[in-house]
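Input: a single structure, listed below in structure tokens.
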Amino acid sequence: MVNTLNLYGLSEEFGNEDTPIPLFKAWLAEAKITEINNPTAFALATVDVTGQPSVRMLLLKGMKENGFVFYTNMNSRKADDLQANQRASICFHWKSLQRQIRISGSVSQIAEKEADAYFETRDYDSQIGAWASLQSSTMEQRSEFDERLSNFRTKYPEGSTVPRPPHWSGWVLIPNEVEFWLNAPARLHERLVYKAQADGTWGQSLLYP
Ligand SMILES: Cc1cc2nc3c(=O)[nH]c(=O)nc-3n(C[C@H](O)[C@H](O)[C@H](O)COP(=O)(O)O)c2cc1C
């Protein structure tokens with residue numbers, strides 16, 4: 001079988017886009033069909049004030065003006081890191097497709113109204129969890145958390161409107177670099193990187209595997 005190649009001689013999976021977001025969306029759409037769960041999961045790397053990196057998994061909850069939106073507790077370790085240093089990097093890996101997308105850029109907090117709108121769509125237990133969890137703080141006993149959950153269930157009974165906790169909101173990462181990686185036999189992988197240019201366009205380069 002003859003493979004169709006893109007303009008750079010890469011496999012057809014890379015398409016021929018001038019900008020990275022359409023290709024990101026195309027790969028994510030495929031992952032939603034092929035992954036056994038959580039196709040929107042990605043690793044977020046942050047760096048704290050001492051320069052110590054830290055990484056954890058999150059879920060992508062949407063795209064906003066070509067940025068990547070995620071939600072979390074604003075008192076968590078990652079939020080502390082992002083408040084001190086807005087530069088961050090995220091990485092999607094889809095085993096079923098043998099593909100990776102690595103993205104770097106800067107984050108900012110999303111508007112309160114947008115966070116409210118998303119919080120409203122969460123199921124009741126997740127809403128209560130957002131109130132009860134002091135994410136990334138230590139606790140003495142698991143029962144401490146159970147008690148907090150129970151207290152918030154009493155305060156906001158099921159069926160009532162649960163307001164968004166002030167400590168829970170979203171971030172948007174605006175990319176300045178997006179790298180697409182496709183597995184190939186014998187580790188001769190294919191890599192295409194888009195870099196934002198000063199004039200607002202995107203440049204493209206191939207990388208050795
Ligand atoms: C697949 C997966 C998805 C996750 N999604 C989120 C998420 O969207 N938001 C979040 O705050 N934590 C999420 N977590 C938990 C984080 O990985 C992490 O434990 C938590 O946010 C605390 O991180 P921090 O101490 O670095 O702030 C997820 C974990 C996994 C494994």
Side-chain angles (χ1 to χ4, degrees), residues 24-25 27-142 144-146 148-149 152 156 162-175 181:
F24 170 79
K25 286 183 175 170
W27 283 24
L28 178 60
E30 283 183 66
K32 284 182 176 172
I33 296 164
T34 57
E35 284 291 293
I36 54 169
N37 61 27
N38 289 337
T40 66
F42 64 90
L44 165 74
T46 59
V47 174
D48 75 9
V49 285
T50 70
Q52 173 63 54
S54 173
V55 65
R56 79 290 286 154
M57 300 303 294
L58 297 178
L59 296 178
L60 181 72
K61 291 299 178 181
M63 301 291 297
K64 177 183 149 63
E65 289 151 21
N66 292 334
F68 299 80
V69 176
F70 54 92
Y71 288 89
T72 194
N73 184 303
M74 291 295 176
N75 299 323
S76 62
R77 176 172 177 179
K78 75 183 84 55
D80 284 351
D81 287 1
L82 293 174
Q83 266 142 14
N85 177 357
Q86 286 75 45
R87 282 187 286 174
S89 189
I90 65 179
C91 186
F92 292 82
H93 174 229
W94 297 298
K95 286 188 180 227
S96 59
L97 296 172
Q98 302 195 80
R99 296 182 203 176
Q100 165 181 261
I101 301 180
R102 180 164 62 159
I103 301 162
S104 299
S106 292
V107 297
S108 55
Q109 289 188 36
I110 64 161
E112 304 276 303
K113 272 192 187 160
E114 285 171 71
D116 289 342
Y118 173 66
F119 190 76
E120 258 181 50
T121 69
R122 285 168 63 102
D123 61 67
Y124 174 72
D125 286 334
S126 304
Q127 291 178 330
I128 293 298
W131 274 104
S133 173
L134 305 172
Q135 192 180 58
S136 311
S137 300
T138 55
M139 61 174 133
E140 291 295 319
Q141 287 282 331
R142 181 77 184 179
E144 206 180 290
F145 182 41
D146 293 337
R148 288 180 60 83
L149 284 165
F152 281 108
Y156 303 117
V162 183
R164 178 177 59 88
H167 59 257
W168 191 96
S169 193
W171 296 87
V172 58
L173 182 139
I174 302 295
W181 181 102

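Nothing fancy with the numbering, it's 1 onward along the sequence. One-based numbering, in listed order, for ligands and for the atoms of each.
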Should the pair Trp168 and Tyr118 be assigned to parallel (<30°), tilted (30 to 60°) or perpendicular (>60°) ring geometry? parallel
What residues, two or more places apart in sequence or in another chain, satisfy salt bridge (Lys or Arg N to Asp or Glu O under 4.0 Å) together with Arg122? none
Cut-off 3.5 Å, no hydrogens considered: what does the side-chain donor-acceptor table look like for residues 83-92, sequence neighbours left out?
{"residue": "Asn85", "atom": "OD1", "partner": "Arg87", "partner atom": "N", "Å": "2.9"}
{"residue": "Gln86", "atom": "NE2", "partner": "Leu82", "partner atom": "O", "Å": "3.1"}
{"residue": "Gln86", "atom": "NE2", "partner": "Gln83", "partner atom": "O", "Å": "2.9"}
{"residue": "Ser89", "atom": "OG", "partner": "Ile103", "partner atom": "O", "Å": "3.1"}
{"residue": "Ser89", "atom": "OG", "partner": "Ser104", "partner atom": "OG", "Å": "3.4"}

Taking a 3.5 Å cut-off between nitrogen or oxygen atoms, can you list every pair linking ligand 1 to the protein, with distances?
{"residue": "ligand 1", "atom": "5 (N)", "partner": "Leu59", "partner atom": "N", "Å": "3.4"}
{"residue": "ligand 1", "atom": "8 (O)", "partner": "Leu59", "partner atom": "N", "Å": "3.2"}
{"residue": "ligand 1", "atom": "9 (N)", "partner": "Tyr71", "partner atom": "O", "Å": "3.0"}
{"residue": "ligand 1", "atom": "11 (O)", "partner": "Thr72", "partner atom": "OG1", "Å": "2.7"}
{"residue": "ligand 1", "atom": "11 (O)", "partner": "Gln135", "partner atom": "NE2", "Å": "3.2"}
{"residue": "ligand 1", "atom": "14 (N)", "partner": "Met57", "partner atom": "O", "Å": "3.2"}
{"residue": "ligand 1", "atom": "17 (O)", "partner": "Met57", "partner atom": "N", "Å": "3.4"}
{"residue": "ligand 1", "atom": "17 (O)", "partner": "Met57", "partner atom": "O", "Å": "2.6"}
{"residue": "ligand 1", "atom": "21 (O)", "partner": "Lys78", "partner atom": "NZ", "Å": "2.6"}
{"residue": "ligand 1", "atom": "21 (O)", "partner": "Gln135", "partner atom": "NE2", "Å": "3.1"}
{"residue": "ligand 1", "atom": "23 (O)", "partner": "Lys78", "partner atom": "NZ", "Å": "3.3"}
{"residue": "ligand 1", "atom": "25 (O)", "partner": "Ser136", "partner atom": "OG", "Å": "2.6"}
{"residue": "ligand 1", "atom": "26 (O)", "partner": "Arg56", "partner atom": "NE", "Å": "2.7"}
{"residue": "ligand 1", "atom": "26 (O)", "partner": "Arg56", "partner atom": "NH2", "Å": "2.9"}
{"residue": "ligand 1", "atom": "27 (O)", "partner": "Ser76", "partner atom": "OG", "Å": "3.4"}
{"residue": "ligand 1", "atom": "27 (O)", "partner": "Arg77", "partner atom": "N", "Å": "3.2"}
{"residue": "ligand 1", "atom": "27 (O)", "partner": "Lys78", "partner atom": "N", "Å": "2.9"}
{"residue": "ligand 1", "atom": "27 (O)", "partner": "Lys78", "partner atom": "NZ", "Å": "2.9"}
{"residue": "ligand 1", "atom": "27 (O)", "partner": "Ser136", "partner atom": "OG", "Å": "3.3"}

Would you check if there is a donor-acceptor pair between the side chains of Arg148 and Ser133 at a distance under 3.5 Å? no
Are any non-hydrogen side-chain atoms of Leu59 and Phe70 less than 4.5 angstrom apart? no
Who are the side chain to side chain donor-acceptor pair (under 3.5 Å) partners of Glu114, not counting sequence neighbours? Lys64
